[in-house]
Amino acid sequence: MNAPDRYERFVVPEGTKKVSYERDTKIVNAASFTIEREDHTIGNIVRMQLHRDPNVLFAGYKLPHPLQYKIIVRIHTTSQSSPTQAYSQAISDLDKELEYLKQAFEDEKNRREQRQELP
């Protein structure tokens, strides 16, 4: 079959950055971030988090090709922010949300385990 090996979908090749930044030369406060070895799952989550920022005017992503394992996230912000600030804040906020979700899951799991141990 012509399909690439499965590990190529996830393993970032040596010498390749996970995230690269390219400023838009035509639009002020706009940029593209290329995220290697990711797909619609991360693209949609990052896009939705960026939409929560009031300084973000536009946030979208695309998969250039089904056999290229990368996404391109485009961000356009107001003059009060920059695309790199918006991207960094979105990733930081997502990290906090996932940590909260993990903690809530573990707390509930421990609560249920304790309830089952009681006679």
Side-chain angles (χ1 to χ4, degrees):
M1 191 175 349
N2 290 336
D5 292 328
R6 285 182 178 254
Y7 73 88
E8 289 185 19
R9 295 182 196 174
F10 309 106
V11 178
V12 178
E14 198 170 314
T16 303
K17 291 182 180 180
K18 178 72 174 171
V19 179
S20 60
Y21 167 81
E22 184 179 339
R23 190 173 64 87
D24 193 321
T25 57
K26 297 179 182 176
I27 302 172
V28 178
N29 287 338
S32 296
F33 294 85
T34 302
I35 307 172
E36 294 290 336
R37 302 305 189 250
E38 296 297 347
D39 58 9
H40 289 290
T41 305
I42 296 297
N44 199 35
I45 290 171
V46 170
R47 180 186 65 85
M48 290 303 297
Q49 188 64 37
L50 285 163
H51 281 294
R52 293 179 182 171
D53 187 341
N55 291 319
V56 173
L57 300 173
F58 173 82
Y61 78 95
K62 68 178 180 177
L63 241 68
H65 189 274
L67 294 178
Q68 291 180 343
Y69 304 116
K70 65 181 178 182
I71 57 172
I72 300 171
V73 179
R74 293 218 2 101
I75 305 170
H76 182 199
T77 62
T78 63
S79 59
Q80 283 81 32
S81 183
S82 72
T84 53
Q85 288 173 329
Y87 180 82
S88 296
Q89 187 63 46
I91 297 299
S92 175
D93 291 346
L94 284 170
D95 188 42
K96 289 175 189 171
E97 280 188 44
L98 290 172
E99 190 59 41
Y100 172 79
L101 182 64
K102 178 183 171 187
Q103 189 61 48
F105 179 81
E106 288 175 355
D107 291 347
E108 182 64 22
K109 180 182 146 222
N110 291 337
R111 190 175 66 79
R112 287 182 183 259
E113 286 174 351
Q114 288 175 354
R115 195 183 311 155
Q116 288 178 351
E117 290 175 359
L118 294 175

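Salt-bridge annotation for Lys96 and Glu99: absent, with no side-chain N of the basic residue lying under 4.0 Å from a carboxylate O of the acidic one. Electrostatic pairing of Asp24 and Arg74 counts as a salt bridge here, judged by a charged N lying under 4.0 Å from a carboxylate O.
Both Ile35 and Ile45 are members of a single hydrophobic cluster when ILVMFWY side chains are connected at heavy-atom separations under 4.5 Å. Val73 and Ile42 fall within the same hydrophobic cluster, where Ile, Leu, Val, Met, Phe, Trp and Tyr residues are linked whenever their side-chain heavy atoms come under 4.5 Å apart, directly or through other members. Phe33 and Leu94 fall within a single hydrophobic cluster, where Ile, Leu, Val, Met, Phe, Trp and Tyr are joined by side-chain heavy atoms under 4.5 Å apart, directly or via other members. In the hydrophobic clustering of ILVMFWY residues, with side-chain heavy atoms under 4.5 Å counting as a link, Val56 and Tyr21 come out together. Tracing side-chain contacts under 4.5 Å through hydrophobic residues (I, L, V, M, F, W, Y), one reaches Ile75 starting from Leu63; they form part of the same cluster.
Sequence neighbours left out, the pairs with a member in residues 42-62 that pass ring-ring contact (aromatic ring centres under 6.0 Å, His included) are His40-Tyr61.
Considering every non-hydrogen atom in both Ile27 and His76, the closest pair reads CG2-NE2, 3.5 Å. Counting all heavy atoms, side chain and backbone alike, Pro83 lies closest to Ala31 at CB-CB, 3.7 Å. Shown here for Ala90 and Leu50, the closest heavy-atom pair between the two residues is CB-CD2, 3.8 Å.
Counting non-hydrogen atoms of other residues, nucleotides and ligands closer than 6.0 Å to CD of Glu97 gives a total above 12. The local environment of NZ in Lys62 is sparse, with at most 12 non-hydrogen atoms from other residues, nucleotides or ligands closer than 6.0 Å.
Here the CZ atom belonging to Arg115 is positioned 12.5 Å from the CG atom belonging to Asn110, to the nearest 0.5 angstrom. Atom CD of residue Glu106 and atom CD of residue Glu113 lie 10.5 Å apart, to the nearest 0.5 angstrom. Taken from CZ in Arg37 to CD in Gln68, the straight-line distance is 10.0 Å, to the nearest 0.5 Å. To the nearest 0.5 Å, atom CD of residue Glu36 and atom CD of residue Glu38 are 10.0 Å apart. Considering CD of Gln49 and CZ of Arg52, their distance stands at 4.5 Å, rounded to 0.5 Å. Here the OG atom belonging to Ser92 is positioned 12.0 Å from the OH atom belonging to Tyr87, to the nearest 0.5 angstrom.
No side-chain heavy atom of Asn29 sits under 4.5 Å from any side-chain heavy atom of Ser81. Looking at heavy atoms from C-beta onward, Val46 lies out of side-chain contact with Asn44 at the 4.5 angstrom threshold.
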**Q.** Check against side chain to side chain contact (heavy atoms under 4.5 Å, CB included), Thr34 and Ile71
**A.** CA-CA 6 Å; Thr34 302; Ile71 57 172; over 6 Å; no
Q) Given Asn55 and Thr77, is the side-chain hydrogen bond (donor to acceptor under 3.5 Å, both in side chains) satisfied, shown in steps? A) CA-CA 6 Å; Asn55 291 319; Thr77 62; over 6 Å; no
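Cluster note: Phe105 groups with no other residue, as no ILVMFWY side-chain heavy atom lies under 4.5 Å from it.
Between Gln103 and Asp107, the side chains place a donor N or O and an acceptor N or O closer than 3.5 Å (distance only, hydrogens not considered).
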